[in-house]
Amino acid sequence: MVDPASHATGCHAAGHYHHTGGLVLSSRPSRPDRPGPSGHLARRLTQLYGGLVLYGASSALLVRSGLGLEPWNVLHQGLAERTGLSMGVVLTVVGALVLLLWIPLRQRPGLGTVSNVLVIGAAMDATLAVVPEAHGWTLRIAVLVAGIVLNGAATGLYIAARFGPGPRDGLMTGLNRRTGLSVRLVRTAVEITVVVTGFALGGTVGVGTLLYAVSIGPLAQVFLRVFAVPAASDGSTVVAAGQPRRAILRR
């Protein structure tokens with residue numbers, strides 16, 4: 001038999017239950033803001049892939065502005081100029097090569113890591129195929145600003161989904177752990193290296209590169225709060241969870 005006193009105590013701890021004519025009523029407030037397991041995972045997957053597609057599209061807008069690219073895309077554009085490959089293909093190949101560097105750094109990729117390699121480059125090439133080059137200072141500046149803001153939104157979307165960092169971010173955090181150097185110092189050294197190399201190969205460096213560098217961090221922080229995913233309801237299975245601590249913002 002179940003001790004009625006202990007049963008009542010357990011029910012009370014679980015959330016104030018009352019017995020009324022054989023029915024059990026709960027006074028615990030409902031939480032409509034917390035989706036069930038399937039809805040929670042669906043939202044996270046939607047944010048992940050929506051964010052990655054938007055990231056590739058927004059990076060393509062920076063290319064079309066002609067006013068300067070984010071650091072890694074300076075390198076991608078320079079390599080594309082030298083090899084004849086599209087920027088999206090180069091981005092994908094470089095991402096895969098960077099991911100190989102995770103092995104000695106003992107980094108573990110997540111779904112978001114692999115998806116980052118595969119999706120962003122394809123989205124960039126698709127956008128470049130339909131968006132023409134901007135002409136005139138007004139239009140070029142508008143395209144640049146739109147690209148940076150949308151890139152910040154994309155960063156917030158896919159990082160908040162918590163499926164793992166991109167390959168370049170993981171490289172930086174891995175170097176931080178292995179060398180003991182600060183994330184900021186590692187990031188600065190890596191990004192200066194890729195910008196200088198990309199520029200030497202023919203990549204575009206300009207006011208857009210500087211504007212991106214100073215604005216992407218604050219923008220991404222804002223959008224991380226906007227797109228934060230509520231915790232799953234009790235009993236759900238969380239896939240690749242983990243707060244986006246030390247997320248590096250951004251390329």
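Heads up: numbering here begins at 1 and tracks the sequence. Values below: all heavy atoms of this structure, side chains included; hydrogens, waters and symmetry mates excluded. These numbers come from a predicted model, not from an experiment.
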Discussion item. What verdict does the side chain to side chain contact (heavy atoms under 4.5 Å, CB included) test give for Leu181 and Asn176, after you've listed the backbone C-alpha separation in whole Å, the side-chain angles of each residue and the deciding distance to 0.1 Å?
Written reply: CA-CA 5 Å; Leu181 300 174; Asn176 159 249; 5.7 Å; no
Item to complete: Report yes if some heavy atom in the side chain of Val190 is under 4.5 Å from a heavy atom in the side chain of Leu175; otherwise report no.
Response: yes
Fill in: Side-chain (Arg140) to main-chain (His135) donor-acceptor, under 3.5 angstrom
no
Worksheet, complete the sentence: For Ile192, the other hydrophobic cluster members (4.5 Å side-chain criterion, sorted by chain and number) are Val196
Item to complete: Answer yes or no: is there a side-chain heavy-atom contact under 4.5 Å between Leu144 and Leu62?
Response: yes
Atom pairs and distances, donor-acceptor, side-chain atoms in residues 83-102, under 3.5 Å, two or more places apart:
residue	atom	partner	partner atom	Å
Thr83	OG1	Leu79	O	2.8
Thr83	OG1	Leu85	N	3.3
Ser86	OG	Val89	N	3.2
Ser86	OG	Asp125	OD1	3.4
Ser86	OG	Asp125	OD2	2.6
Thr92	OG1	Gly88	O	3.0
Thr92	OG1	Val117	O	3.4
Trp102	NE1	Pro167	O	2.9

Worksheet item: Will you find, in the side chains of Gln47 and Arg43, an N or O donor that is under 3.5 Å from an N or O acceptor?
Response: yes
Worksheet, complete the sentence: One should read off an interatomic distance between Leu171 CG and Arg187 CZ, to the nearest 0.5 angstrom, of 13.0 Å
Worksheet item: When rounded to the nearest 0.5 angstrom, what is the spacing between CG in Leu211 and CG in Leu67?
Response: 9.5 Å
Worksheet item: Could you state the interatomic distance from OG (Ser59) to CG (Leu54), rounded to the nearest 0.5 Å?
Response: 9.0 Å
Worksheet item: Can you name the nearest heavy-atom pair linking Gly170 to Thr173, along with the distance?
Response: O-OG1, 3.1 Å
Worksheet entry | CA sep, side-chain torsions, deciding dist, call: Asn116, Arg168, side chain to side chain contact (heavy atoms under 4.5 Å, CB included) | CA-CA 10 Å; Asn116 183 297; Arg168 297 157 187 83; 4.0 Å; yes
Fill in: Atom pair CG/CG of Leu111 and Leu48 - distance to nearest 0.5 Å
5.5 Å
Practice prompt. Measure from the side-chain N and O atoms of Arg44 to the backbone N and O of Val229, and report whether any donor-acceptor pair falls under 3.5 Å.
Written response: no
Item to complete: Step by step, work out the side chain to side chain contact (heavy atoms under 4.5 Å, CB included) result for Met172 and Glu191.
Response: CA-CA 10 Å; Met172 295 180 196; Glu191 293 195 344; 3.9 Å; yes
Worksheet item: Who are the side chain to side chain donor-acceptor pair (under 3.5 Å) partners of Ser58, not counting sequence neighbours?
Response: Asn151
Worksheet entry | Partners passing side-chain contact (heavy atoms from CB on, under 4.5 Å) against Thr193 (at least two apart in sequence or in another chain) | Thr197
Fill in: Counterpart residues, side chain to side chain donor-acceptor pair (under 3.5 Å), relative to Ser115 (two or more places apart)
Tyr49
Fill in: ILVMFWY network linking Val114 to Val119, side-chain heavy atoms under 4.5 angstrom
no
Practice prompt. Hey, could you give me the OG1/CG distance between Thr209 and Asn73, rounded to the nearest 0.5 Å?
Written response: 10.0 Å
Fill in: Student check: side-chain heavy atoms of Phe163 and Leu45 closer than 4.5 Å
yes
Worksheet item: Which pair of heavy atoms, one from Ala220 and one from Thr155, lies closest together, and at what distance?
Response: CB-CG2, 3.9 Å
Discussion item. Ignoring hydrogens, what is the shortest heavy-atom contact between Ala154 and Gly51? Give both atom names and the distance.
Written reply: CB-O, 3.3 Å
Item to complete: Mind listing the closest non-hydrogen atom pair of Val74 and Phe199 along with its distance?
Response: CG1-N, 3.6 Å
Fill in: Partners passing side chain to side chain donor-acceptor pair (under 3.5 Å) against Thr204 (at least two apart in sequence or in another chain)
Gln77
Item to complete: Could you tell me whether a side-chain N or O of Glu81 sits under 3.5 Å from a main-chain N or O of Gly202, the two making a donor and an acceptor?
Response: no
Worksheet item: Could you state the interatomic distance from CG (Leu118) to OG1 (Thr113), rounded to the nearest 0.5 Å?
Response: 11.0 Å
Worksheet item: In the single-linkage hydrophobic clustering (I, L, V, M, F, W, Y; side-chain heavy atoms under 4.5 Å), do Val186 and Leu105 co-cluster?
Response: yes
Worksheet item: Going by heavy atoms in the side chains, are Arg177 and Gln107 under 4.5 Å from each other?
Response: yes
